[in-house]
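First the structure, in the form of structure tokens, and then the observations on it.
Order of the sequence lines fixes the chain letters, A, B, ..., with proteins taken first and strands second; residue numbering starts at 1 for each chain. Just so it is clear, the model here is predicted, and its values are computed rather than measured.
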There are 2 protein chains.
Amino acid sequence: MAVAKRLEVKLESNVLDNVEWYILMSKNIKISDIAKSLGISTATVSRALSGSDRVTQATKDKVKQEADRLHYRPNLAARNLRIQKSMAILLVVRDMSNPFYLEVFKGVEGIARRAGYSVLMGNTEGDVERENEYFNMLADGHVDGMILMTGKLPAKHKLLEMPASETSIVIALEKIKDCNLRRVIIDNEAAAEVATQHLIDLGHKKIAHIAGPEHEPMSMLRTKGYRNALKAAKLLSTEKLEYIGDYSLESGKAACHKLFSNAQDYPTALFVANDEMAFGVINELRKIGLDVPQDVSVVGFDNLSFSGSFYPPLTTISQPRIDIGKQAMHMLLNVMNGKIDTAVDMRMPTNLKIRSSTRQLNISDNSEVKND
Amino acid sequence: MAVAKRLEVKLESNVLDNVEWYILMSKNIKISDIAKSLGISTATVSRALSGSDRVTQATKDKVKQEADRLHYRPNLAARNLRIQKSMAILLVVRDMSNPFYLEVFKGVEGIARRAGYSVLMGNTEGDVERENEYFNMLADGHVDGMILMTGKLPAKHKLLEMPASETSIVIALEKIKDCNLRRVIIDNEAAAEVATQHLIDLGHKKIAHIAGPEHEPMSMLRTKGYRNALKAAKLLSTEKLEYIGDYSLESGKAACHKLFSNAQDYPTALFVANDEMAFGVINELRKIGLDVPQDVSVVGFDNLSFSGSFYPPLTTISQPRIDIGKQAMHMLLNVMNGKIDTAVDMRMPTNLKIRSSTRQLNISDNSEVKND
DNA sequence: TTGAAAGCGTTACCAG
DNA sequence: CTGGTAACGCTTTCAA
């Protein structure tokens, strides 16, 4: 605030009432300036400004007008100190460079700003250290609330030992074991089932799956959905048809080599647990001479903003990312205001976006004998 | 802070010295608690904690130990109010959902956190209203500094009327007319020239260009680089070979139809001002039966994280996004600390990433007669 | 080297 | 309905 400093010298002069001068020199007007100028108390000014109903409309108007004239802008640090809030929330993600989170952020930010909150974004990159750091920010009052998108919780943090109703945390899209915080989620299992069913409906019999990391709840749910669909259709479900990846492009490539090692007998369809891995397999498939969707159909999960411009345009499960962000923020707002909904989970809809990476399997394409 | 509230009741009791109790109840320890517990003044505690050299090492140690024992955590709002800083900076972008900004953000955040700053992200979406709002945040002291990535400035804002040395703003990657704020940039013109030259080196004669929005400085620079290269190679440069887009996927598609309307005589190469538009053209080209790079070579600009997984993997100009973010933040830190470098611009290197969307043009491919 | 005390700009309590 | 004033928790000046 070099500006403010420079002014203090000049303040000695007697032009304190000259509005023009204030504006020109960008002196920071405070409540007491308005009060002095109007000959009333700071208390009244404060109340008038915050729209308290314990002030006459007349004084309210007078104060507001004077505030405008003087270009008054409240000092947030002071207010925050006084009301013991930071008016900021924190969105924590695993990996900030994943574009997936951007739209969620957008949703969150929109609602937050309207409610007067700023949004900080933190990324843990899987680092427990940093995870803890972000939890500390909440504990320290650096932020008033937190939306967690890292399927993890610090091993032990004092915040987690308090009743959930007093912890301003909302979990988005992730499932965390042994944790009963409020969440906004999608039905991963059902969505995965829908995705797989789409493949089944297209006539595929041998459907493989590229999963996310083992033991990770979200990933397990998607795998479960895949298995459910196969089971319901009485199709082959074996571990040989499942590859465990880590959501990365690279692991998609690796899966390709594993699943398609036998040139004679490979799966004709693939349900991949996220779009990024799907990109990886498809590109690798092309390299080994297999075309999507001609030779193998692929459906992904996420519908990244990019998935539609991929070649071939990817059939995938679409999540309402912006709405998820909005809902999470709404929920957090409620939590912070003490209006805690009894409903613990808010479930957002997903839908299958059918594009061009999947196709009907002709009977002649299939070397296996139909068994029904 | 429901917690704190609940405690005030209990505070009446006489167990104020019971550390365990403090921890258990997550009572917020303040400097005066440490002072009281140690029988010294708050001034000394504050100094000890901030590492002032006007305290004996002995007391420093004592204080720090006690602070640890009591799990002291400073109250930022109070500190910020006192020192008249917010310890937060703002990164303003045009469109938050553009993944391009994510890595810049990552770079910024890393440096900022290390320096004790939080990072807020704002997006203007081209809205002048919001642009002004973000400038107000800076003027109000809501943030201490600002990194601008929207090639725009509010028409008139008091901040802009102060000497640049007192305005804590750094411009990243954009050029703004009539504005002498500090910037971290790349050499758009030279990079575009390199990109185009690559096409020329591959033997292409008829090279078209898909530009960004007209009148926008960055876009103009890239177009200029393209023209320079053609001129130097004595190649045809005409308005008919240039299409003005808006950086969007859609405008890339539109460009395709315009530039390739004549099936007999179309450009064999394309320099596209950003990757997103490149994706658009390439997909559209495929639809009208033209293969990249077989029939037409394409080079983009940006090297989005996705560009390598596109099909075909895109040849493009790569910008060091994370480093750009880091540098911008370093610069901002210097500005905020009053260590203003005399150097106004920091230029970051770019490089041409050659992948598979460009190929050597055979002489037989070219219907035109060589003229050299 | 340390301590007392004055703020930083608000809000909120308690009187009137 | 309004005014005086005590916080909020910290840093920093001025004295000792």
Side-chain angles (χ1 to χ4, degrees), chain A residues 1 3-5 7-8 11 22 27-63 66-67 70-87 116 139-142 144, chain B residues 1 3-5 7-8 11 27-63 67 70-87 116 139-142 144:
Chain A
M1 303 278 100
V3 196
K5 278 273 172 291
L7 290 171
E8 276 154 7
L11 267 179
Y22 269 109
K27 165 78 177 66
N28 284 323
I29 302 291
K30 45 196 173 194
I31 276 192
S32 65
D33 290 325
I34 302 179
K36 205 180 299 169
S37 160
L38 251 33
I40 59 180
S41 78
T42 61
T44 305
V45 174
S46 173
R47 279 188 288 248
L49 255 21
S50 67
S52 158
D53 42 358
R54 287 172 41 187
V55 195
T56 45
Q57 190 58 44
T59 34
K60 257 188 201 170
D61 291 344
K62 215 170 48 180
V63 168
E66 187 66 2
L70 297 177
H71 291 228
Y72 167 75
R73 314 233 77 213
N75 178 312
L76 296 172
R79 169 183 295 164
N80 292 346
L81 172 58
R82 180 61 237 235
I83 66 180
Q84 300 286 68
K85 283 189 173 198
S86 64
M87 294 310 280
D140 294 355
H142 193 153
D144 296 333
Chain B
M1 301 276 100
V3 195
K5 279 275 172 288
L7 289 170
E8 276 155 6
L11 267 179
K27 166 79 177 63
N28 284 324
I29 302 293
K30 44 195 173 196
I31 274 192
S32 65
D33 290 325
I34 302 179
K36 205 181 298 171
S37 160
L38 251 33
I40 59 181
S41 77
T42 61
T44 305
V45 174
S46 171
R47 279 189 285 250
L49 254 21
S50 66
S52 156
D53 43 359
R54 288 172 42 187
V55 195
T56 44
Q57 189 58 46
T59 36
K60 257 188 201 171
D61 292 344
K62 213 171 48 180
V63 168
L70 297 178
H71 292 229
Y72 167 74
R73 315 234 78 213
N75 178 312
L76 296 172
R79 170 183 292 162
N80 292 346
L81 173 59
R82 180 61 235 234
I83 66 180
Q84 300 284 68
K85 284 186 171 203
S86 65
M87 294 311 280
D140 293 353
H142 193 153
D144 296 333

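- When side chains are defined from C-beta on, A/V63 does not count as touching A/V55, because their heavy atoms never get closer than 4.5 Å.
- Between the base of D/dA7 and the side chain of A/R82 there is a donor-acceptor pair shorter than 3.5 Å.
- What separates CG of B/L49 from C1' of D/dC10 is a distance of 11 Å, to the nearest Å.
- Heavy-atom minimum distance, B/D33 versus B/N28: OD2-O, 4.0 Å.
- Between A/L76 and B/D140 there is no side-chain heavy-atom pair separated by less than 4.5 Å.
- B/L81 places its CG atom 14 Å from the C1' atom of D/dT12, with the value rounded to the nearest Å.
- Rounded to whole Å, the distance from NZ on A/K85 to P on C/dT11 is 13 Å.
- At D/dG9, none of the side-chain N or O atoms of B/R79 fall inside 4.0 Å of OP1 or OP2 (strictly under the cut-off).
- Considering only the side chain of A/R54, C/dC14 comes nearest among C/dC14, C/dT11, C/dA5.
- Of the candidates C/dT1, D/dG3, C/dT11, the closest approach to any side-chain atom of A/I83 belongs to C/dT11.
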For this session: List the steps and the verdict of side-chain contact (heavy atoms from CB on, under 4.5 Å) for A/R79 and A/N75.
Result: CA-CA 6 Å; A/R79 169 183 295 164; A/N75 178 312; over 6 Å; no
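- Where B/V45 and A/N75 meet DNA chain C, the nucleotide closest to each residue was compared, and B/V45 sits on the side nearer the 5' end.
- For D/dA7, the OP1/OP2 oxygens have no side-chain nitrogen or oxygen of A/Q84 closer than 4.0 Å.
- Not a single donor-acceptor pair under 3.5 Å links the side chain of B/K60 to the backbone N or O of B/D53.
- Side chain of A/S46 to main chain of A/T42: no donor-acceptor pair is present (N/O by atom type, distance under 3.5 Å, no hydrogens or angles).
- The side chain of B/S46 places no N or O atom within less than 4.0 Å of a non-bridging phosphate oxygen (OP1 or OP2) of D/dC10.
- The minimum heavy-atom distance linking A/I29 with A/Y72 is given by the pair O-CD1, 3.4 Å.
- Rounded to a whole Å, the NZ atom of B/K60 is 10 Å from the P atom of C/dT2.
- Heavy-atom nearest nucleotides on DNA chain C were determined for B/T56 and for A/Y72, and the one closer to the 5' end corresponds to B/T56.
- The side chain of A/R47 approaches D/dT2 more closely than any other nucleotide in the set D/dT2, C/dT11, C/dA6.
- Side-chain atoms of A/D144 and A/S86 form a donor-acceptor pair, as typed in the model, at a separation below 3.5 Å.
- Counting to the nearest Å, the P atom of D/dG4 and the NZ atom of A/K36 are 13 Å from each other.
- If you take CG of A/L38 and C1' of D/dT2, they are 13 Å apart, rounded to a whole angstrom.
- Heavy atoms of A/T59 sit under 4.0 angstrom from primed sugar atoms or phosphate atoms, though from no base atom.
- The distance from atom NZ of B/K62 to atom C1' of C/dT1 is 12 Å, rounded to the nearest whole Å.
- Proximity of B/T44 to the phosphate of C/dT1: no side-chain N or O atom is located under 4.0 Å from OP1 or OP2.
- In the set C/dT2, D/dG4, D/dC10, the nucleotide with an atom closest to the side chain of A/S41 is D/dG4.
- Between its opening and closing five pairs, the helix from C/dT1-D/dA16 to C/dG16-D/dC1 changes axis direction by 40°, a value rounded to 10 degrees.
- When the C1' atom of C/dT10 is taken as reference, atom CG of B/N80 falls 15 Å away, rounded to whole Å.
- With distances taken from any side-chain atom of A/I40 to the nucleotides D/dG3, D/dC10, D/dT12, the minimum falls on D/dG3.
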